[in-house]
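Everything on this sheet refers to the single structure shown next.
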Amino acid sequence: MEGIAKLMSGHPLRLVFLGSDAIALPLLDWLAANGALVRLVGVLTQPDRPHGRGQASAPNAVKAWANSAGIPVLQPAKLGGDSVAALRAWQPDLSLVMAYGHILKDDFIAVPRLGTVNFHASVLPQYRGASPIQTAIACGERETGVSLMRIVRELDAGPVADVERVGIHPLDTAEEVEKKLAAACVPLLERNLAMLAGGNLEFRAQDAARASFCRRLTKADGALDFQAAASVLAARINALNPWPGCGVNVRGSALRIGLAQAAQAPAASSSSLDAAGGAPPGTVLAGAAEGLPVATGMGVLEILRLQRPGGRMLPAAEFLRGFPIPPGTVLPSAEMPPLVSNAPFKH
C-alpha cells in the first residue's frame, strides 16, 4: 500500500459507498480500518424495508454498519436531482458501488472526479444481472469472482479493470459463495486503489459476444423437475439456498430442500445405494444411510438436508426419523424456470 500512501500525501481519498447488502461489509470494514488512505464521507443505501414475521421496518446491513461507524447515510427511494446535489456536497473523489439496487444515471455517475466503479459478483461478461452468485452455482460453475468495472448506462456492460476469483465447491450454497466473494473484494481494491487514485487504472472493454444474463429470483424458481439430471438438480438446490429455496410437496407438506449432491455410482460390491434402474424420475429409492436418494432423468440425486414448515433445517437422516418418506414415494415434478439467458431478461 506504499503507492497509495504516496499519492495521498496526507490527504485521504474521499469515498462514497453505494450498496444495500451484507456482501459489502468486509469491504466497508477495510475502508474504515484504513483511514489514513481513504475517508468514507457518505453512504447511499436502499430505504428501510419490512423484515421478519412481524414485518417491522428495519435497516439493511449497510445502513446498520454506517450508523455504528458514524458515517452519514442517505436512503433515497429514487435517485433524482436532490440525490445528485447531496452526492456533490460530499465532494467525493471516487464512488464505490456494490449490490446497491438502483440504476445510476449519467449525471450521478459523473459527480466524483475519479468516476464511479462497481464490484460485480461474477467474472464478466458472464452473469450480468441481479443474481450472478446463484446463477453461477446453478449452472455448475467451479469458479466465479468479483469484477472491478466502470459503470455505464447498460446492464453490467462497463469496461473491467481486474477480477478476483474464488472457487465453488460442489456442496457450496449461495450463502457460502457470497462470503467468499465478500472477502475477495478487499484484495481486489487493495491492489487497484493506487492506480484508481492516480487516475491511471486501465479498464478493458468486455467481449459482448460472450455475455450471459441472469435475473432477479422469485419463489417460483424453487421448483424442481426430476426429469433433469441429478447434477443439474443438486446445483440448483444448493444455488438457491438460502433464498428462494427449493422444495417439494410430500403428503400435503411443503418440504424445503437445503442441500443435495449427485450420488456417486456405488461399486459393484456395494449395496449402500440402489441404482435408479428403471424407476421413474422423482421416485425415492432404498438403501441410503445418510441422504434421501431420488431417481432423476440421469443419475441419482442425494438430498442431504430437509425442513418442514415451521421447523429447522435438518440432516436428511435426522429429518426422516420424524417424517419418513418410504422408498417408492414419487416426488412431484414442476417446470424449472430458466435462470440464465444470452440476452437481458424482460421485466
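Bear in mind that the values here come from a model prediction, so they are computed numbers and not experimental data.
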Practice task
Apply side-chain contact (heavy atoms from CB on, under 4.5 Å) to the pair L224 and I257, showing each step before the final yes or no.
Solution key: CA-CA 10 Å; L224 295 173; I257 303 174; 3.7 Å; yes
Just checking, is any N or O donor in the side chain of [X] or [Y] under 3.5 Å from an acceptor N or O on the other one?
X	Y	result
T144	S122	no
Q134	R236	no
N60	Q46	no

Handout entry: Ionic contact status for R142 with D172, cut-off 4.0 Å
Key = no
Handout entry: Cationic N near anionic O, under 4.0 Å, D93 to R14
Key = no
Should we say atom [atom1] of [X] is surrounded by more than 12 heavy atoms from elsewhere, each under 6.0 Å from it?
X	atom1	value
R312	CZ	no
E143	CD	yes
N200	CG	yes
M313	CE	yes
D48	CG	yes

Any donor-acceptor pair under 3.5 Å from [X] side chain to [Y] backbone:
X	Y	result
D21	A99	no
N241	G258	yes
N238	P170	yes
K63	T45	no
T283	P280	yes
E290	P315	no
T329	V284	no
N249	G252	yes
T296	A230	yes
T218	A220	yes

Are the side chains of [Y] and [X] in contact, using a 4.5 Å heavy-atom criterion?
X	Y	value
R153	D106	yes
L13	R39	no
Y127	E141	yes
L104	L18	yes
C214	L339	no
Q206	Q126	no
L320	L292	yes
V111	P92	yes

Completion exercise
Residue pairs meeting ring-ring contact (aromatic ring centres under 6.0 Å, His included), one or both in residues 72-119, sequence neighbours left out, come to Y100-H102
Practice task
Take D162 and R204, measure what salt bridge (Lys or Arg N to Asp or Glu O under 4.0 Å) needs, and give me the verdict at the end.
Solution key: CA-CA 9 Å; D162 196 6; R204 296 168 295 280; 5.7 Å; no
Completion exercise
Minimal heavy-atom distance between L74 and A86, with the atoms involved, is CD1-CB, 3.3 Å
Practice task
Just do the side-chain contact (heavy atoms from CB on, under 4.5 Å) check on L148 and L201 with the steps written out, would you?
Solution key: CA-CA 11 Å; L148 178 63; L201 183 61; 4.1 Å; yes
Exercise for the section: Would you please test I325 and L255 for side-chain contact (heavy atoms from CB on, under 4.5 Å) and show each step? Expected result: CA-CA 11 Å; I325 305 177; L255 304 185; 3.9 Å; yes
Exercise for the section: Taking side chain to side chain contact (heavy atoms under 4.5 Å, CB included) as the test, write out the residues that go with Q261, two or more places apart. Expected result: L171, E302, L304
